[in-house]
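A short worksheet on the structure shown next.
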Amino acid sequence: MLDWTDKHCRTFHRLLTRQTLLYTEMVTTGALLHGDKPRHLDFNEVEHPVALQLGGSEPADLAACAKLAEQWGYDEVNLNCGCPSERVQRGAFGACLMAEPGLVADGVKAMRDAVSIPITVKHRIGIDKIESYGFVRDFVGQIAAAGCEVFIVHARNAWLQGLSPKENREVPPLRYELVHQLKREFPQLTIVLNGGIKSDDEIAEQLQHVDGVMVGRQAYHEPWQMAGWDQRFFGTAGPAQSREQVEADWLLYLEQQVASGRPWTQAMRHALGLWNGQAGSRRWRQIWSDHQYKAMDVRAVARLASQSRSGIAAQVEAHEARHQAAALL
């Protein structure tokens, strides 16, 4: 997710889940080939397993970028054929590539020939008013013939005209049944469903029909949800024992950023949802986001935020105790 899932975000998420595959922001081939490579490719070792998501359409450029991804140590390269933004369309990649499956197949083949790490494709179930299952079936079939074995399917059409990227995440109806049908028709492929999934029970339900589930904004805004994923979906203990422990570990990372000459605010914005749903979480977020504290020592801000949150939580607990006592009278 552009401007969201940077290396700081992914490092924070690794404090919550070790097993979940993480994805970078979409990076264009042009940015990698002609821009600041370390800025776009650098990541922390703790982020593994991590996939680099590419935006592009020229097979030679995609192959060159896939080589860079392998050299930098990424575990997977994912070609984005699902983003509907006008900027992406002007670059002739993203969701508009679904109208050119032959070009996508050429790009997949070029990348597979260039590297040994997996090449995957993320796409929609259709574009504009093309809503037939046959369209997405034929797209997947042609790309699979080029060697792609993993497809992440956003279960909405992408409307290339008339809707903003935000509206493209909400207005076109979700059609999970088409993704399920893809899995039935291509049982040898790994089919991952994306779009609209919020709860762990919803994830578990979809795993009855597909091989995996991609969760985006829900995980970003409600990060503590990820703390239970390793145990429930991978059968292994996760790293997060409590929110307090995650906050303490994250504070160490923020201090490392400051020691490296970077403002702690660049990383902290990704952790603001840690206490969501708990008493005092709003005040905790306000303090970490308040401009007047941004020049302060990060531990001083952490103490202030924690004390404020704990104080409000204690007030809520006392109020609930009095309410229960009154109910018993």
Side-chain angles (χ1 to χ4, degrees), residues 1-2 4 20-21 23 26 51 53 55 78-86 88-89 93-105 108 120-146 148-222 225 229 233:
M1 295 184 294
L2 195 60
W4 291 26
T20 304
L21 175 61
Y23 285 77
M26 183 179 67
Q53 185 174 101
N78 176 257
L79 177 60
N80 186 302
C81 298
C83 181
S85 76
E86 290 184 6
V88 166
Q89 290 180 56
F93 56 92
C96 60
L97 283 177
M98 289 196 71
E100 299 187 68
L103 181 58
V104 176
V108 166
T120 68
V121 172
K122 185 175 187 291
H123 60 94
R124 297 285 186 127
I125 56 172
I127 51 177
D128 295 323
K129 295 184 179 180
I130 302 174
E131 297 184 346
S132 69
Y133 169 71
F135 177 80
V136 67
R137 176 201 61 208
D138 293 347
F139 177 84
V140 169
Q142 191 163 347
I143 311 309
C148 184
E149 299 177 348
V150 180
F151 294 82
I152 299 107
V153 190
H154 188 152
R156 284 188 173 96
N157 270 38
W159 289 7
L160 302 181
Q161 301 294 330
L163 290 182
S164 68
K166 181 177 186 297
E167 290 170 327
N168 258 290
R169 297 192 301 267
E170 300 169 351
V171 174
L174 286 161
R175 302 172 69 196
Y176 295 145
E177 67 277 6
L178 268 64
V179 186
H180 301 165
Q181 192 171 348
L182 282 174
K183 181 58 188 176
R184 291 193 298 270
E185 187 154 348
F186 298 98
Q188 77 280 13
L189 300 179
T190 298
I191 303 295
V192 179
L193 183 143
N194 171 236
I197 302 298
K198 295 187 179 299
S199 72
D200 288 1
D201 286 345
E202 288 176 313
I203 295 173
E205 167 59 27
Q206 291 301 326
L207 290 175
Q208 302 299 311
H209 306 282
V210 294
D211 302 295
V213 174
M214 174 183 276
V215 183
R217 284 163 179 77
Q218 172 67 19
Y220 187 93
H221 291 304
E222 300 293 340
Q225 183 177 349
W229 285 359
F233 301 116

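Positions are given from 1, in the same order as the sequence printed here.
You'll find the side chain of Phe233 reaches within 4.5 Å of the side chain of Leu207, heavy atoms only. With contacts defined as side-chain heavy-atom distances shorter than 4.5 Å, the pair Met214/Leu193 does not qualify. Here the side chains of Gln218 and Ile197 are not in contact, with every heavy-atom distance at 4.5 Å or above. Here the side chains of Thr190 and Glu149 are not in contact, with every heavy-atom distance at 4.5 Å or above. Residues His154 and Asn194 are in side-chain contact: their nearest non-hydrogen atoms beyond the backbone lie under 4.5 Å apart.
Proximity of a side-chain donor or acceptor of Gln225 to a complementary backbone N or O of Lys198 within less than 3.5 Å is detected. A donor-acceptor contact shorter than 3.5 Å is absent between the side chain of Asp128 and the backbone of Ile130. Judged purely by atom type and a 3.5 angstrom limit, Asp211 has no side-chain atom pairing as donor or acceptor with the backbone of Val192. At distances below 3.5 Å, not a single donor-acceptor pair connects side-chain atoms of Asn157 with backbone N or O atoms of Lys129. Looking only at distances, a side-chain donor or acceptor of Arg175 sits under 3.5 Å from a matching main-chain atom of Glu131.
When every heavy atom of Met98 is checked against every heavy atom of Arg124, the shortest pair comes out as CE-O, 3.1 Å. Heavy atoms only, all atoms of each residue included: Leu21 and Ala51 are closest at CD1-N, 4.2 Å. Nearest approach of Met26 to Gly55, heavy atoms of both residues: CG-N, 3.7 Å. In terms of heavy-atom proximity, Val215 sits nearest to Ala219 at CG1-N, 3.7 Å. Between Gly82 and Ala158, the shortest heavy-atom contact is O-CB, 4.4 Å. For the pair Ala146 and Val108, the tightest heavy-atom approach, listed with the atom from each and the gap, is O-CG1, 4.1 Å.
Atom CG of Leu189 is separated from atom CZ of Phe151 by 5.5 Å, given to the nearest 0.5 angstrom. In this structure, CD in Gln53 is found 8.5 Å from SG in Cys83, a value given to the nearest 0.5 Å.
Applying the ring pair (Phe, Tyr, Trp, His ring centres under 6.0 Å) test to residues at least two apart or on different chains, the pairs with a partner in residues 171-214 are His180-His209.
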Please table the atom pairs, donor to acceptor, closer than 3.5 Å between any side-chain atom in residues 132-144 and protein atoms at least two apart or in another chain.
unit_1, atom_1, unit_2, atom_2, d
Ser132, OG, Phe135, N, 3.4
Tyr133, OH, Gln181, O, 3.4
Tyr133, OH, Glu185, OE1, 2.9

